[in-house]
Amino acid sequence: MNYLLDAIAWINDPTHWPGANGIGVRLGEHLAYSVLGVLVACVIAIPAGWWVGHTGRLRGLAVGISGGARALPTLGLVTLLGILFGIGLVGPMVAFIVLALPSVLAGAYSGVESADKQAVDGARASGMTEMQVLLRVEVPLGLPLLIGGIRSAFLQVIATATLAAYVGAGGLGRFLFLGLKTQDYAQMLAASLLVVALALVCDIAFATAQRLASPTRFR
């Protein structure tokens, strides 16, 4: 209990917020790493997932990649890529993208596959091209599942971004590793609480977006 109170007091200490090594800057770095990693994963995985969901081709491969990549050990991956790319942000960023890809890919193809078949057949019967069927019918109907995949990927990357400091990058993990080095347990716990709080806020935002995108909301 004392550690928890000390950690809360550490966060509430106004001297820990300003400056290049303050909580504000580290929080911004942590969020920026997570957004960038998931954004790049979306650019790669969403078109691929839509194509797989619409055509049904390479579905087994997509399912295999989605399932297998989720079993990757995060610390081992960050360490391996840190060794390959050297100290800095490049190695962790590649790891974030790799870890985000499976959830986004799964959300994209499962969203398209879940589209109401009657609506899809009706769109084809009305003369829409396959691209119009995909973009005007399947993608809007599958949007909640896609957002769910992005939500899952974002939460995983936020948790993993803590390890970026392990190979010399910034983020809230800096407080964790600095606290470990100096045996400042209050600082370590404070860093963990900040990561949890950031994850909760982002999760609530994604849950709200997922609910707003649900087709049932408009019925």
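We number each residue from 1, following the sequence as shown.
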Task: salt_bridge(Arg124, Glu130) N-O dist < 4.0 Å - done: yes
- [ ] Examine distances only and state if a side-chain atom of Arg151 and a backbone atom of Ile204 form a donor-acceptor pair shorter than 3.5 Å.
- [x] no
Open item on the list: Which residue in the set Asp6, Ile11, Leu4 passes side chain to side chain contact (heavy atoms under 4.5 Å, CB included) when paired with Ile8?
Closed with: Leu4
Open item on the list: What I'd like to find out is whether the side chain of Leu176 reaches to under 4.5 Å of the side chain of Ser192, using heavy atoms alone.
Closed with: yes
Task: Joint hydrophobic cluster, Val157 plus Leu75, side-chain heavy atoms closer than 4.5 Å - done: no
Open item on the list: Side chains of Val35 and Phe96, heavy atoms from C-beta outward: is any pair under 4.5 Å?
Closed with: no
Open item on the list: Can you give me the closest heavy-atom contact between Ala165 and Gly173, atom names plus distance?
Closed with: CB-C, 3.5 Å
Task: Ala123 backbone acceptor or donor facing Ser126 side chain under 3.5 Å - done: yes
Task: Any donor-acceptor N/O pair, Gln132 side chain to Thr129 backbone, under 3.5 Å - done: yes
- [ ] Establish, from distance only, whether the side-chain atoms of Arg26 and Asn21 form a donor-acceptor pair under 3.5 Å.
- [x] yes
Open item on the list: Would you say the ring centers of Tyr109 and Trp51 fall short of 6.0 Å from each other?
Closed with: no
Open item on the list: Please determine whether residues Leu194 and Leu189 belong to a single hydrophobic cluster, defined as Ile, Leu, Val, Met, Phe, Trp and Tyr linked transitively by side-chain heavy-atom distances below 4.5 Å.
Closed with: yes
Task: Where Pro92 and Val167 come nearest, the two heavy atoms and their spacing - done: CG-CG2, 3.2 Å
Task: Rounded distance [0.5 Å steps], OG1 in Thr79 versus CG in Leu163 - done: 7.5 Å
Task: Working for side chain to side chain contact (heavy atoms under 4.5 Å, CB included), residues Phe175 and Met188 - done: CA-CA 6 Å; Phe175 299 127; Met188 291 177 65; over 6 Å; no
Task: Reported CD-to-NZ distance for the pair Glu138 and Lys117, which is rounded to 0.5 angstrom - done: 6.5 Å
- [ ] With the side chain counted from C-beta on, respond yes when Arg57 and Val52 share a heavy-atom pair under 4.5 Å apart, and no when they do not.
- [x] no
Open item on the list: Side chains of Arg59 and Glu113, heavy atoms from C-beta outward: is any pair under 4.5 Å?
Closed with: yes
TODO: Compare every heavy atom of Pro140 with every heavy atom of Leu135, then report the nearest pair and how far apart it is.
DONE: O-CD, 3.3 Å
Task: Reported CG-to-CD1 distance for the pair Leu146 and Ile46, which is rounded to 0.5 angstrom - done: 4.5 Å
TODO: Verify the distance criterion only: is there a donor paired with an acceptor across the side chains of Asp13 and Thr15 at less than 3.5 Å?
DONE: yes
- [ ] Using modelled atom types only, decide if a donor and an acceptor are shared between the side chain of His54 and the backbone of Leu134 within a distance under 3.5 Å.
- [x] no
- [ ] Considering non-hydrogen atoms only, spot the tightest contact between Val90 and Phe85 and give its length.
- [x] CG1-CD2, 3.7 Å
- [ ] Taking Ser114 for its side chain and Gly111 for its backbone only, find out whether a donor-acceptor pair lies under 3.5 Å.
- [x] yes
Open item on the list: For Lys181, is the NZ atom crowded, meaning more than 12 foreign heavy atoms sit under 6.0 Å from it?
Closed with: no
Open item on the list: Within the 4.5 Å heavy-atom criterion, are Tyr33 and Ile158 side-chain neighbours or not?
Closed with: no
TODO: Would you name the heavy atoms of Pro144 and Gln210 that are closest together and state the gap between them?
DONE: O-NE2, 3.2 Å
Task: Leu155 side chain near Asp203 side chain, heavy-atom distance below 4.5 Å - done: yes
Task: Min side-chain heavy-atom separation Met93-Leu81 under 4.5 Å - done: no
- [ ] Check each of Leu31, Val195, Thr162, Leu193 against Leu172 using the side chain to side chain contact (heavy atoms under 4.5 Å, CB included) test, and report the only one that passes.
- [x] Val195
- [ ] Treat each ILVMFWY residue as a node, draw an edge where side-chain heavy atoms are under 4.5 Å apart, and state whether Leu39 and Val98 are in one component.
- [x] no
Task: Straight-line distance of Ser152 OG to Ile147 CD1, nearest 0.5 Å - done: 13.5 Å
Open item on the list: Within this structure, what is the CE-CH2 distance for the pair Met131 and Trp50, rounded to the nearest 0.5 Å?
Closed with: 10.0 Å
Task: Atom of Val120, atom of Ala115 and distance for their closest heavy-atom approach - done: CG2-CB, 4.1 Å
Open item on the list: Measuring only between side-chain heavy atoms, which start at C-beta, is Leu101 closer than 4.5 Å to Ile44?
Closed with: yes
TODO: If the plane angle is over 60° it's perpendicular, under 30° parallel, otherwise tilted; pick one for Phe154 and Phe206.
DONE: tilted
Task: Nearest-0.5 Å distance, CG of residue Leu145 to CD1 of residue Ile150 - done: 11.5 Å
